[in-house]
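Just so you know, these numbers use all the heavy atoms, side chains as well, and skip hydrogens, waters and symmetry mates.
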Amino acid sequence: DGEKWVQLPDSPKLDIVGGPPVRLRADTPTIVQAREDFSVSVHFLDASGHPATGSDPGLTISSGDSKNNLPIDTSQELNTICLNTPGVHRITVVGDGLETKSNPILVKDENPELNLYWGDIHGHSDRSDGLRSPDDYFHYARDVAQLDFSVLSDHEPDFGRKRPEVLYDGTTLDEIWTESCRKANEYHNPGQFVTFNGYEWTSGKYGHKCVYYLEDNQPFFSCRNPLTDTPEKLYESLNGRQAMVITHHPAGGPAPANLSLIDPNWEPLVEIYSCHGCSDAPGVGRKLWRSVEGKGFSVQEALDKGYPFG
């Protein structure tokens with residue numbers, strides 16, 4: 001049919017395995033109550049950041065405060081400890097010739113009314129332009145990165161093809177969306193690891209926007225559908241739904257976004273930095289691929305023009 005890609009009958013598959021350990025990582029909650037147990041998650045990582053193989057499981061966990069109650073020489077990946085003295089602490093972990101310090105831990109006398117949680121709400125799997133399966137995505141977010149919440153926001157894949165609504169193996173966008181939501185629900189564990197349903201509306205004309213739902217069983221609105229092919233039409237389609245939209249890399253590649261078209265009722269946030277680069281202001285941070293720097297697409301330039309955000 002004139003397409004430049006051909007599905008091989010026996011496509012080769014490679015198993016990615018971790019290399020030898022080159023660094024150690026320790027993750028803890030950011031805010032804890034004094035004298036109450038919490039968990040420290042420890043991982044040996046290889047040079048690429050993958051879980052390492054062949055590491056010695058023996059670990060030593062310590063703190064600079066002699067009043068702290070800490071286990072010594074433990075081989076558990078998930079260790080329960082407590083800190084007794086209010087203030088900011090770090091845990092030191094030593095193992096297999098490597099040493100690391102945890103993130104800062106704010107210890108409070110009383111149970112905090114509000115807590116600080118960490119997450120990643122924009123990531124892709126091999127169902128669009130990512131490298132691994134949805135299972136691998138959520139597994140890494142939960143068990144390696146130790147995030148509290150995560151969203152798999154695959155974009156509309158294979159844009160530019162004659163039939164972009166169908167993948168090379170015949171899978172449709174609706175099937176991808178159904179699978180993405182199903183996987184998010186499988187990994188959702190309230191109080192431990194929270195997931196939401198989301199996707200990336202991938203328009204070459206109006207830019208890329210991530211759509212997030214608070215509720216399940218919500219539709220996928222494609223930028224290739226004439227009914228939802230502009231930001232205004234997308235917002236209209238979201239009416240009556242618990243949803244949020246965030247514009248991705250507005251100041252450059254793969255596609256810049258006209259921030260004057262943002263509806264603050266649906267977009268309470270605007271992205272200023274991602275792996276693509278910085279959209280905050282001209283000359284700030286790492287330059288975006290296909291940057292349109294100085295042409296009015298950065299967040300600071302939009303604010304100067306009076307565009308509302310949030």
Visitor: Are more than 12 heavy atoms from other residues, nucleotides or ligands located less than 6.0 Å from atom CD of E110?
Guide: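 Counting other residues, nucleotides and ligands, CD of E110 stays at 12 neighbours or fewer.
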Visitor: Inspect the contact between E186 and K183 and indicate whether a charged nitrogen and a carboxylate oxygen are less than 4.0 angstrom apart.
Guide: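 Here K183 pairs with E186 in a salt bridge, since their nearest N and O are under 4.0 Å apart.
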Visitor: Decide yes or no on side chain to side chain donor-acceptor pair (under 3.5 Å) for Y206 and D229, but give the supporting numbers first.
Guide: CA-CA 9 Å; Y206 295 101; D229 61 356; over 6 Å; no
Visitor: Are the side chains of F196 and I121 in contact, using a 4.5 Å heavy-atom criterion?
Guide: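 With C-beta onward as the side chain, the pair stays apart.
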Visitor: Nearest 0.5 Å please: distance from the NZ atom of K209 over to the OG1 atom of T202.
Guide: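 Spacing of NZ (K209) from OG1 (T202) equals 12.0 Å.
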Visitor: Hey, is the main chain of L98 close enough, under 3.5 Å, to the side chain of D96 for a donor-acceptor pair?
Guide: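 Checking the backbone N and O of L98 against the side chain of D96, no donor-acceptor pair under 3.5 Å is found.
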Visitor: Pairing donors with acceptors under 3.5 angstrom, does anything connect the side chains of D135 and H139?
Guide: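 No donor-acceptor contact under 3.5 Å links the two side chains.
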Visitor: Does any N or O in the side chain of E99 come within less than 3.5 Å of the main-chain N or O of V94, such that one atom is a donor and the other an acceptor?
Guide: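 Checked: no pair found.
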Visitor: Look at the side chain of R290 and the backbone N and O of G252, then say whether any donor-acceptor pair between them is shorter than 3.5 Å.
Guide: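 Not at all, since once roles are kept as given, no pair shorter than 3.5 Å links the two residues.
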Visitor: Taking side chain as C-beta onward, heavy atoms only, is Y235 less than 4.5 Å from E267?
Guide: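 Yes, at least one pair of side-chain atoms sits under 4.5 Å.
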Visitor: If Ile, Leu, Val, Met, Phe, Trp and Tyr residues are connected whenever their side-chain heavy atoms lie under 4.5 Å apart, and connections chain through other members, are V88 and I31 in the same group?
Guide: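 Cluster IDs for V88 and I31 match.
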Visitor: Check whether any side-chain N or O of H155 sits under 3.5 Å from a backbone N or O of H124 as a donor-acceptor pair, and report yes or no.
Guide: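 No; zero donor-acceptor contacts below 3.5 Å.
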Visitor: Under 30°, 30 to 60°, or over 60°: which ring-plane class applies to F138 and F193, parallel, tilted or perpendicular?
Guide: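 Judged by the thresholds at 30° and 60°, the geometry between F138 and F193 is perpendicular.
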Visitor: Answer whether the closest heavy-atom distance between the side chains of D126 and R132 falls below 4.5 Å.
Guide: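 They are not in contact (no side-chain heavy atoms under 4.5 Å apart), so the answer is no.
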Visitor: Is any side-chain heavy atom of V211 closer than 4.5 Å to a side-chain heavy atom of Y199?
Guide: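 Side chain of V211 against side chain of Y199, heavy atoms only: contact under 4.5 Å found.
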Visitor: Go through it in stages, so that I can follow the logic: the residues are Y212 and H122, the test is side chain to side chain contact (heavy atoms under 4.5 Å, CB included), and I'd like the CA-CA distance, side-chain angles, deciding distance and then a yes or no.
Guide: CA-CA 10 Å; Y212 304 104; H122 190 174; 4.2 Å; yes
Visitor: Does CG belonging to D109 count more than 12 external heavy atoms closer than 6.0 Å?
Guide: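 Enclosed.
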Visitor: Under a 3.5 Å distance rule, please check whether Y137 uses its side chain to pair with a backbone N or O of V151 as donor and acceptor.
Guide: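 Here the side-chain-to-backbone pair exists.
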Visitor: Working to the nearest 0.5 Å, report the span between CD of Q33 and CG of L106.
Guide: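 That separation rounds to 12.0 Å.
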Visitor: If I take atom CG from residue D304 and atom OG from residue S298, how far apart are they, to the nearest 0.5 angstrom?
Guide: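 One finds 8.0 Å between CG of D304 and OG of S298.
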Visitor: What distance do T30 atom OG1 and W118 atom CH2 have between them, rounded to the nearest 0.5 Å?
Guide: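 Going from the OG1 atom of T30 to the CH2 atom of W118 covers 5.5 Å.
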Visitor: Is the closest side-chain heavy-atom distance between R241 and P219 below 4.5 Å?
Guide: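 R241 reaches P219 side chain to side chain.
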Visitor: Look up atom SG in C181 and atom OH in Y213, then write down how far apart they are to the nearest 0.5 Å.
Guide: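 If I round to the nearest 0.5 Å, the distance is 8.5 Å.
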Visitor: Under a 4.5 Å cut-off applied to non-hydrogen side-chain atoms, are T195 and F149 in contact?
Guide: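 They are not in contact (no side-chain heavy atoms under 4.5 Å apart), so the answer is no.
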Visitor: Between N197 and Q218, is a side chain to side chain contact (heavy atoms under 4.5 Å, CB included) present by the stated rule, with each step listed?
Guide: CA-CA 8 Å; N197 296 328; Q218 298 300 307; over 6 Å; no
Visitor: For side chain to side chain contact (heavy atoms under 4.5 Å, CB included), just list the numbers for K287 and E293, CA-CA rounded to whole Å, side-chain angles, deciding distance to a tenth of an Å, and then say yes or no.
Guide: CA-CA 8 Å; K287 195 172 183 178; E293 186 174 284; 4.1 Å; yes
Visitor: Do the non-hydrogen side-chain atoms of F38 and T28 ever get within less than 4.5 Å of each other?
Guide: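 In short, these two side chains touch, coming nearer than 4.5 Å.
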Visitor: In Å and rounded to the nearest 0.5 Å, what is the CZ to CG distance from R90 to N103?
Guide: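 The distance works out to 7.5 Å.
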Visitor: So which heavy atom on P134 is nearest to which on R127, and how close?
Guide: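 Looks like CG-CG, 4.2 Å.
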Visitor: Side chain of W266, backbone of L238: donor and acceptor closer than 3.5 Å?
Guide: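 Answer holds: no.
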Visitor: Decide whether S125 and D154 meet the rule of one side-chain donor and one side-chain acceptor closer than 3.5 Å.
Guide: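 Yes, D154 and S125 have a side-chain donor paired with an acceptor closer than 3.5 Å.
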Visitor: Can you give me every donor-acceptor pair (side chain of residues 276-283, partner residue at least two apart or in another chain, under 3.5 Å) with its distance?
Guide:
residue	atom	partner	partner atom	Å
S279	OG	A251	N	3.3
D280	OD1	Q300	NE2	3.1

Visitor: Are V107 and I61 connected into the same hydrophobic cluster when the rule is that any two of I, L, V, M, F, W, Y join if their side-chain heavy atoms are below 4.5 Å apart?
Guide: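 Same hydrophobic cluster.
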Visitor: Spell out, as yes or no, whether a donor-acceptor pair under 3.5 Å connects the side chain of D46 to the backbone of H50.
Guide: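 Pair found, side chain donor or acceptor close to backbone of H50.
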Visitor: Ignoring hydrogens, what is the shortest heavy-atom contact between V299 and E271? Give both atom names and the distance.
Guide: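 The answer is CG2-O, 3.9 Å.
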Visitor: Do V42 and L24 come close enough that some side-chain heavy atom pair is under 4.5 Å?
Guide: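 Yes. Closest side-chain heavy atoms under 4.5 Å.
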Visitor: Can any side-chain N or O of R286 pair as donor or acceptor with the backbone N or O of Y273 at less than 3.5 Å?
Guide: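 Side chain of R286 to backbone of Y273, a donor-acceptor pair under 3.5 Å: no, none is there.
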Visitor: Quick check: closest heavy atoms across V22 and A47, and the distance to 0.1 Å?
Guide: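 The pair with the smallest heavy-atom distance is CG2-N, 3.4 Å.
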Visitor: Would you kindly confirm whether V194 and Y140 end up in one hydrophobic cluster when ILVMFWY residues are joined by side chain heavy atoms under 4.5 Å apart?
Guide: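 No, because V194 and Y140 fall into different hydrophobic clusters, even though each may have its own neighbours under 4.5 Å.
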Visitor: Working note: T100 + F44, criterion side chain to side chain contact (heavy atoms under 4.5 Å, CB included); need CA distance, chi angles, decisive distance, verdict.
Guide: CA-CA 10 Å; T100 191; F44 289 94; over 6 Å; no
Visitor: Do S41 side-chain atoms and D27 backbone N/O form a donor-acceptor pair below 3.5 Å?
Guide: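 No.
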Visitor: Above 12 or not: heavy atoms from other molecules or residues under 6.0 Å from CH2 of W289?
Guide: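 Result for CH2/W289: enclosed.
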Visitor: Ignoring hydrogens, what is the shortest heavy-atom contact between S203 and H208? Give both atom names and the distance.
Guide: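 Distance-wise, the nearest heavy atoms are O-CD2, 3.5 Å.
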Visitor: Consider only side-chain heavy atoms of I, L, V, M, F, W and Y, link residues closer than 4.5 Å, and tell whether L227 and W201 are in one cluster.
Guide: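 Not linked; separate clusters.
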Visitor: Identify whether Y307 and V245 are in the same connected component of the hydrophobic contact network (ILVMFWY, side-chain heavy atoms under 4.5 Å).
Guide: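 Cluster IDs for Y307 and V245 match.
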Visitor: Is a donor on one side and an acceptor on the other found under 3.5 Å between the side chain of T228 and the backbone of S222?
Guide: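 Yes.
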Visitor: Any idea which heavy atoms bring P256 and V292 closest together, and the distance?
Guide: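 Minimum heavy-atom separation between P256 and V292: CB-CG2, 3.8 Å.
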Visitor: Please report the closest heavy-atom contact between K305 and G296, naming both atoms and the distance.
Guide: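 Closest approach of K305 to G296, heavy atoms only: NZ-CA, 3.8 Å.
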